[in-house]
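This is a predicted model, so every value here is computed, not measured. Heavy atoms only: backbone and side chains are in, while hydrogens, waters and symmetry mates are out.
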Amino acid sequence: MSHADTMPKPRRNVELLLLVLALSVSIGANALISIDEQTSLDTDFWFQSSLLAVASLVFHVVLRLRAKYADPVILPLVVALNGLGLAMIHRLDAPGDDTGNNQLRWTVIAMAVAIAVIWFLKDHRVLRRFTYISLAVSALLLILPLVPGISAGEILGARVWIRLGPMTFQPGEVAKITLAIFFAGYLSSNRDLIMLAGRKIGPMQFPRFKDMGPMITAWLVSIGVLIFQRDLGSSVLFFGLFIVMIYVATSRISWVVIGLTLILGGGFVASKVFSHVALRIDSWLNAFTEEVFGRSPGGSGQIVEGLFGMASGGLVGTGLGQGRPNLVPFANSDMIIASFGEELGLIGLFAIVMMYLLLFTRGFRAALGTRDAFGKLLACGLSFAVALQCFVVIGGVTRLIPLTGLTTPFLAAGGSSLLANWIIVGLLLMISHTARGPVDTSPMQPGRTPEAQKPAPVAGGRQDRNATQTLPDAPTEAVKHL
Amino acid sequence: MNQAIRHSWIAAIAMFALIFGAISYVQVVGADELKANPWNRRAILQNYCNDRGAILVGGSAIAESVPGNESCKFQRKYNQPELYAGLTGYFSRSYGVTGLEGAMDAQLAGSSDQLFFDRIGQLFLGNQPKGASVELTIDPKIQKLAYDLIPDGQRGSIVVTDPKTGNILAMVSKPSYDPNLIATQDVAKEQAAYNEAIKVPGVNLNPSVSGPTGALLAPGSVFKLVDTAAALNSGKYNADSVLPNPAQMSFPGIQYQLPNYAGGNCYTRNTASFAFALQQSCNTPFARIALDLGQKAIGDQAAKFGFGQDLGDQLKLDYANKPFPEEELDQAGLAQSAIGQRDVRATPLQIALMTSAIANGGVQMAPNLIKAVRSPDLRVIDEPKPVALRTSTTPEIAGQITDWMTSVVNEGIASGAGVPGVQVAGKTGTAELGNGLNNSWFTGFAPANDPQVSVTVVMQGVDITTGAQLTSPNAKKIFEAVLNK
């Protein structure tokens, strides 16, 4: 409880320095590719580079104005990842393809939305008031792709897109955020009840059946997504998100056990009942048999071509623009990790994965640092979702686990994914701002943030051991650095 | 709560540890295995756009790399594509390399050890990598003649060799295809052309078997030359042997009757000399010989002629080869196999090698297509010498068979192959396909006393009359063309 002894430092100059570094990595990558393709840096290159630089610097200035205590590492990490993704997508564009420019447009839109989130939200705790609205919005978003007229139909075996004029959009990406908000809101209000009731079996305390409601809901949502949208990746992601948030809310390992049992059971049944799941598992296990390799759809050609690409990259890679990543189907979206593995090698890919690791670690740090349960749950859930998404994608590409159709955050081509992940970044920055900033001791206006009124009476009155231990929730010493 | 957050973070870190391990495995530990995988097209693509060496016939290129577009500096181009497709194969972005393009890939791509110093030079001068060119033993005039002798719409193959060196002078088969269409840089067109070509019966785009080297056909009566050699080699038979020649043969316990060819003169005699049996291609004498000598003797002699054997490294084409049946045959089976039916299969090239061995006094030369390999500065880096593969039979037996083969042309059913003023040795064959049609063969060489050229012709799915018109008379035209050159 000694955090008030020294004034927290905003560290915005550190961020600026890191941002310049991130931009030079992204723009440098783009320059290498442009030189490779047309031997000179044309107006396109300068336009793309300055657009990314300007957008990043505007974001930085907004942070200075609105969230000056925000974690200074998050924005540069994301700009570097997004910039590398832009460069690679641009590099993979065949003549006449517009995916690179489209990705740039979406980057600017996504950054603008994230800036708006920071500008208008002011305090993440406001979101708690939208707990049930978030649930409704999530349900709507998940149902949209199935609604005739709006639905973009089945694309590559999955029904997860809707059509907005000339564009397609994947509402599930945004549903990831709204579901996290709902769960954070619901669990921060009801965690005492869920935690205290229940029966103890051996070392583990199991919840009452009626408290399992959220878990059952989560399971049904995931199974629903799996059945109706045929989206294995999102289904795993949603469920992972719920398990982690319930675990953090209750600190009960029993929830993880129940959750994993449900997911394994669901997965086993799905692998027997649904052909698309069975195909994925078969093409994972038997990727190198001729029949599976050539099968269409559901063959292992994509994974195997990706592995060939990564193998040809080896330790140091072929060099940006020097490999043949476009031999791999969906080289710029699902398989962009393989494209990076081929051209940047093991070393480059490690650097990229390390950036993700730092990014979600910063998110967890914000969760540790912030003082409200809602913020903790939200930051932790979103950070874990980013980590899980990376694991599912990269694990799939490297044949560690079956390949599922998820995007690599910030790198992969796709507007909905960029938008959703930038919103997550905005939220994490907001939460880290409250976590790292000075403790606000002024009285809150009634009804504005329920937490603000709670701490005083609660501090000594709680019977629960866990609660008394965790309630102070002061930032650790480490949090104050950088 | 904070403790649970830390635990979640540890779980996330554990997932990332797995990812780091998986990436390391793919890119370092398992990388060599993945690179060596035959499905991996990256090795081909590595030099797809490079200046690849030419394949030359008679001084002009039948396959060469010409300047391409911006993204791919060089493009493979096949001149007279249909005529040479069976030899060159294709160099395709999606379908890999076949034929000589595949067999000579190291030289053509310039990655061969022989070109090590050229590569070092290119490295320092910053030049585009350039491959060696490969000059073939093919005679373009004979190649064209042979190709035109197979009518359009007819499936067939012709192989012309020099029996003394093993050099292949012509090797064609129809129908053919245009490898340019499969070597194009337009992936959609490439796939369309490939899918179109594989639909044509007789066109084989499989990398492992192509053209006259790859079609496995029943050799029919041509196989009687193997029986003859086996008979003479056994010591039980000689030039004066009198062979039983019943009109048909029956076998204990089964209904099947093996008949003599009804159309010829076989039925006029109950016994026959070797010369007569070969001249008229009678079945029963050779079936009897096989039953007398046993399956092993016939099989061993077939192996000595190259059936089921390695055709030698000099042949840079992959080929399909099949031994004489190895599993035990019953009497009827052995009798049928001895006349080149049932389970016996041979490629046109295999039959050409068998005949060439007889022409060459019993010594089988390794088939060869490569006259010279030249580095980009025209230095000869490889010039294959004739290589004796194996001894098929003794010079005496080879001479005896040659004598009988000349009588087949002079007095027997291969008279159409006779060339005025030159002694031609030959043997015909007719393998029944069971639908009234046959694979019709001619194999022979000339001049009989000093063989310069061996010719093997096979026409697939023809009736007796058409077969007779398309085999021996066509062989004659090739003999004339080579000998009057």
| request: Taking atom NZ of B/Lys189 as the centre, report whether more than 12 heavy atoms of other residues, nucleotides or ligands fall under 6.0 Å from it. | output: no

| request: Tell me, yes or no, whether the heavy-atom count around B/Glu33 atom CD, taken from other residues, nucleotides or ligands under 6.0 Å, exceeds 12. | output: no

| message | Between B/His7 and A/Ile253, does the side-chain contact (heavy atoms from CB on, under 4.5 Å) criterion hold? Intermediate values first, please. | response | CA-CA 10 Å; B/His7 287 155; A/Ile253 201 76; over 6 Å; no

| query | Looking at side-chain heavy atoms only, is the closest gap between A/Leu315 and B/Val28 below 4.5 Å? | reply |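 Heavy-atom side-chain distance check passes, below 4.5 Å.
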
| Side chains of A/Phe288 and B/Leu34: does their closest heavy-atom pair fall under 4.5 Å? | yes

| Reference residue B/Met15; test side-chain contact (heavy atoms from CB on, under 4.5 Å); the match among A/Leu357, A/Leu388, A/Val392 |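 For B/Met15, the side-chain contact (heavy atoms from CB on, under 4.5 Å) test succeeds with only one of A/Leu357, A/Leu388, A/Val392, which is A/Leu388.
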
| query | Is there a donor-acceptor pair under 3.5 Å between the side chain of B/Gln27 and the backbone N or O of A/Met310? | reply |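 Checked: pair present.
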
| Donor-acceptor pair, B/Gln3 side chain versus A/Ser251 backbone, under 3.5 Å? | no

| Top contributor to chain B contacts, counting heavy-atom pairs under 4.5 Å, from A/Gly395, A/Gly363, A/Gly313, A/Gly341 |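 Ranked by heavy-atom pairs under 4.5 Å with chain B, first place is A/Gly341.
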
| said: Out of A/Ala379, A/Ser312, A/Gly317, A/Gly301, return the one with the most heavy atom pairs under 4.5 angstrom to chain B. | reply: A/Ser312

Determine the minimum heavy-atom distance between [X] and [Y], stating which atoms define it.
{"X": "A/Thr398", "Y": "B/Val26", "value": "O-CG2, 3.7 Å"}
{"X": "A/Tyr247", "Y": "B/Ala4", "value": "CE2-O, 3.5 Å"}
{"X": "B/Ser8", "Y": "A/Val248", "value": "OG-CG2, 3.3 Å"}

| Can you tell me how far the CG atom of B/Leu18 sits from the CD1 atom of A/Ile401, to the nearest 0.5 Å? | 9.5 Å

| Inter-residue atom distance B/Ile5.CD1 - A/Leu368.CG, 0.5 Å rounding | 5.0 Å

| query | Which is it for B/Phe20 and A/Phe350 under the ring-ring contact (aromatic ring centres under 6.0 Å, His included) test, yes or no, and what are the steps along the way? | reply | CA-CA 7 Å; B/Phe20 281 120; A/Phe350 263 37; 4.6 Å; yes

| task | Please flag which part of A/Ser383 lies under 4.5 Å from any non-hydrogen atom of chain B: side chain, backbone, both or neither. | result |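 Neither the backbone nor the side chain of A/Ser383 comes within 4.5 Å of chain B.
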
| task | Report the C-alpha separation of A/Leu377 and B/Met1 in whole Å, then their side-chain angles, then the decisive distance to 0.1 Å, and conclude whether the side-chain contact (heavy atoms from CB on, under 4.5 Å) test is met. | result | CA-CA 9 Å; A/Leu377 283 168; B/Met1 233 172 164; 3.5 Å; yes

| query | Can we call the ring centroids of B/Phe16 and A/Phe360 under 6.0 Å apart? | reply | yes

